[in-house]
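Letters A, B, ... mirror the listed sequences (proteins, then strands); counts begin at 1. Just so you know, these numbers use all the heavy atoms, side chains as well, and skip hydrogens, waters and symmetry mates.
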Amino acid sequence: MTAHHRHESIIWLGAAVAAAVVLFAFGPGIALLGTEIMIMALFACSLNLIMSYGGMVSFGHAAYFGLGAYGFALAIVRFDVPPALALACGPILALLAALLFGSLCVRLSHIYFAMLTLACAEITYAILFQAYDFTGGDTGLTRFVAPRFGLTPQLYGLVVLVVLLLSLLILRRLVASPLGLAIRSVGEDPYRTAALGYNPRRVQLAAFVVAGGFAGLAGMLFSVFHGNAFPDYAGLAFTLDALVMVVIGGLHSFVGPIYGAIIYLLMKTFISRYVGEWELVVGIVLMAVVLGAPRGLAGLAARLGIPSGGRKS
Amino acid sequence: MPPLLEARNISKAFGRFVAVAGVDLVIRKGERRALIGPNGAGKSTLLSILGGQQAGGAGGQVRFDGDDVSGLQPEDLARRGVGRTFQISRTFRKMTVAENMLASLLPRAGLIYSLSTQRLNILREQADAILTEVGLARRSGTIVDEISHGDRKRLEFGMVLATRPRLLLLDEPAAGMGLQERQELMAMMLDQVTRNGITLIFVEHDIDIVFRIADVITVMARGRVFAEGNPQEIASNKDVQDIYLGSGH
Amino acid sequence: MLAVQVVNGLMEGMMLFLIASGLTLIFGVSRIINFAHGSLYMIGAFLTYQLVPMLSDGTLVGFIGAVLLSAIAVAALGGIFEILVLRRIYGSEELMQLIITVALVLIIRDIVKLIWGRNDVLVSMPAELSGALKVADAYFPIFQLAIFGAGLMVIAVMILVIKFTRAGILLRAATDDRGMVALLGINQQTIFTSVFVAGSFLAGLAGGLAAPFGNINYMLDTTIIVGAFIVVVIGGLGNLYGALAGALAVGVLKSMGVLYYPRLSMVLIFLIMAAVLVARSLGRAGVTR
Ligand SMILES: Nc1ncnc2c1ncn2[C@@H]1O[C@H](COP(=O)(O)OP(=O)(O)O)[C@@H](O)[C@H]1O
Ligand SMILES: [Mg+2]
């Protein structure tokens with residue numbers, strides 16, 4: 001157990017150092033790409049918590065990403081909150097929205113759950129899109145801070161790396177905790193847990209709120225990254241991006257979404273340089289994964305002996 | 001002493017089909033009650049109503065330990081001490097046997113919302129102890145999907161045991177097993193029930209087991225109680241022999 | 001003005017029904033939520049755009065011919081997808097089935113971009129259907145009335161098929177209880193394929209019929225699928241008549257909303273969808289076994 005832990009810690013440390021080296025070694029272009037990958041990886045990991053562990057498929061996870069961005073942006077633009085404090089407003093707004101929407105959504109299961117999360121996200125999107133006076137509507141909010149607060153791409157990348165690592169540490173602890181076990185149990189069979197004395201809906205809500213909070217953190221980082229906020233950040237396209245990352249990376253694995261984010265954004269960046277139709281390639285890869293390797297990249301990696309941080313403890 | 005469970009005029013319909021039609025069931029503390037009857041008689045549905053799985057969807061009144069518990073959610077009933085297994089065992093199939101036990105211990109320990117891994121580790125001893133009791137100690141690290149049908153029945157029983165039930169509802173606990181395994185399993189379960197002072201309601205098709213274990217037998221047919229009495233009374237009841245034993249079981 | 005708006009709404013509702021009917025049909029039988037349903041609709045629209053000039057531009061015959069051919073082509077496409085891909089994953093996790101249809105969305109969108117580019121295209125209105133009908137003081141566009149009529153015809157055909165043909169009886173059996181069909185000794189696979197083909201046909205048909213009505217571009221897929229989800233959820237997944245009621249209600253509400261609360265109409269529709277779902281959750285049933 002401890003030897004295993006040490007082994008795992010070394011891998012994490014190695015990956016973190018490697019990420020830092022990549023950020024600084026290849027110029028600002030790569031640093032920007034690396035930062036976007038890390039932000040999306042955090043977003044996908046938050047979705048993975050409810051999908052792989054909580055057994056809930058959300059079609060509306062981008063709502064909390066978008067609200068993370070808008071919580072930050074609106075705090076500065078409309079309420080003159082000092083930027084340092086505004087950073088916290090993003091995730092908090094997302095968390096509160098997840099609490100509100102989640103308490104409705106967890107009353108449903110399967111496809112009906114997914115549909116209600118979609119409705120909640122589309123309501124969020126529509127409000128962001130149509131409340132011109134407050135949110136700026138479809139033109140979004142821009143020029144309220146310098147992108148990355150004026151930090152160099154490398155330095156901001158390092159900040160995001162640290163936030164990502166801390167978040168993963170927290171999520172990892174959560175998954176290994178009693179609450180994590182409860183989330184997995186409810187994810188597998190809510191009726192069984194109810195017969196054991198759980199309130200399954202409340203456990204699902206706990207997972208949903210945590211996931212919403214981390215999605216909001218990712219959204220806030222994204223808003224700082226670009227120095228803007230647009231309704232699209234809460235749109236279906238972002239949700240689908242995260243879903244695709246989780247599946248390509250590997251369902252039921254802790255690190256899968258990170259692999260997924262890397263592959264997805266590398267494909268997007270490099271394939272689109274040569275052919276405009278990179279999504280076609282993503283679609284084909286996705287189909288191949290579902291048909292041929294339902295455990296995704298993490299599953300393939302595990303077969304090669306690379307720990308996937310799977311659910312066995 | 002008031003009865004531990006007193007269910008009056010229990011009924012449940014699925015659409016227009018009436019699965020349980022006005023059943024009364026009164027169970028003493030410490031009693032072992034068998035529920036028998038042909039397939040489709042409504043036995044599982046009755047257990048579901050008692051276990052809260054039909055919360056709000058059934059008619060009649062249920063009193064448990066003096067309190068009106070009609071319409072309560074399964075989690076509320078479980079917390080009050082009503083535990084149950086299902087006809088098709090419900091376990092967490094993608095988790096290990098030990099994790100199944102740990103998950104079952106969380107509600108009693110008040111740790112469902114805890115983030116302390118240490119507290120979880122403390123529960124491991126209890127989990128191992130129960131696994132030993134139900135004869136699964138050697139399976140503790142195995143994923144449930146990979147254990148046998150009989151072991152899954154043992155596990156589900158152990159999981160319910162972990163909630164420290166006062167009333168245990170077992171739905172065909174020994175079905176689908178060979179004779180010897182069935183007898184061993186029933187002996188183990190009975191031993192636990194006795195030692196922990198648990199009141200028992202069980203559904204079983206094996207008449208030998210029923211007659212050996214039950215204090216009182218309730219015979220159901222088409223959603224109603226058809227006969228009720230101690231094993232001798234039931235064994236000598238001509239109608240029961242016709243209806244139940246004559247229907248191919 | 002109000003009457004025009006109601007007719008507009010009914011016509012849009014009928015379009016929504018044509019789209020949603022295929023989606024709900026497939027779900028009812030195969031339990032597949034086809035994210036790519038909007039993509040099939042989009043292909044129907046683009047194919048109609050392609051075929052109309054080849055047949056007879058601007059005439060009713062050319063238009064109807066193009067729409068039917070497009071719908072058939074889309075149905076064939078759906079059949080190929082079902083046989084080659086979907087068939088392998090009926091038994092697996094719900095999520096995987098969903099993701100594979102999302103993959104199809106991505107693939108179709110890029111293929112459409114490759115073939116027809118990124119700009120909007122237009123299909124000319126058949127001459128016979130342009131213009132408006134003047135009733136009292138209001139003008140009702142003939143094309144919209146025609147679409148409504150076409151929708152009614154599709155409904156009539158569907159009801160006839162479902163009520164009176166062997167296929168319809170099987171379909172009802174399969175929707176109510178999938179074990180039932182197996183008991184009847186019918187190959188479940190054949191039913192799944194047929195239903196997917198029929199659903200795809202309806203998507204293609206809807207796309208073709210709507211083609212002259214607005215701009216056609218590669219971004220139609222998500223707009224359409226989200227609209228169809230709303231209707232299907234409001235009507236009850238797998239419920240054809242529910243979808244009709246839901247579609248007409250949403251259509252009318254939308255056009256009234258545009259009239260009175262233009263900035264709220266989008267939110268309003270999703271609020272109704274959410275309310276329907278929450279209401280349904282209040283009456284949830286338990287489990288027995
Ligand atoms: N969820 C359900 N929906 C519809 N009918 C059900 C449901 N559960 C049970 N039934 C029906 O109710 C009747 C009684 O079922 P059950 O209680 O399982 O009987 P038993 O356990 O005595 O064999 C059966 O005819 C069964 O088909
Ligand atoms: Mg039964």
Identify the heavy atoms of [X] and [Y] that sit nearest to each other, and give their distance.
{"X": "Arg84(B)", "Y": "Arg192(A)", "answer": "O-NH2, 3.1 Å"}
{"X": "Ser177(A)", "Y": "Thr117(B)", "answer": "CA-OG1, 4.3 Å"}
{"X": "Leu179(A)", "Y": "Tyr113(B)", "answer": "CD1-CD2, 3.9 Å"}
{"X": "Ser104(B)", "Y": "Leu196(A)", "answer": "OG-CD1, 3.7 Å"}

Task: Contact origin within Arg108(B) toward chain A - heavy atom pairs under 4.5 Å - done: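 Contact with chain A: none, neither part.
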
Does the side chain of [Y] come within less than 4.5 Å of [X]'s, by heavy atoms?
{"X": "Arg173(A)", "Y": "Leu115(B)", "result": "no"}
{"X": "Leu181(A)", "Y": "Met95(B)", "result": "yes"}
{"X": "Tyr191(A)", "Y": "Arg90(B)", "result": "yes"}

Open item on the list: Quick one: does any side-chain atom of Tyr198(A) pair with a main-chain N or O of Ala103(B) as donor and acceptor, under 3.5 Å?
Closed with: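 At least one qualifying donor-acceptor pair exists.
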
Task: Pairwise distance CD1(Ile183(A)) to CD1(Ile112(B)) - rounded to 0.5 angstrom - done: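 Result: 11.5 Å between the selected atoms.
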
TODO: Please test Arg201(A) against Gln73(B) for side-chain contact (heavy atoms from CB on, under 4.5 Å), starting from the C-alpha separation and ending with a verdict.
DONE: CA-CA 12 Å; Arg201(A) 267 162 272 134; Gln73(B) 296 290 329; 3.8 Å; yes

Task: Contacts of Phe59(A) that satisfy ring-ring contact (aromatic ring centres under 6.0 Å, His included) - sequence neighbours left out - done: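 Checked Phe59(A) against ring-ring contact (aromatic ring centres under 6.0 Å, His included); matches are Phe35(C).
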
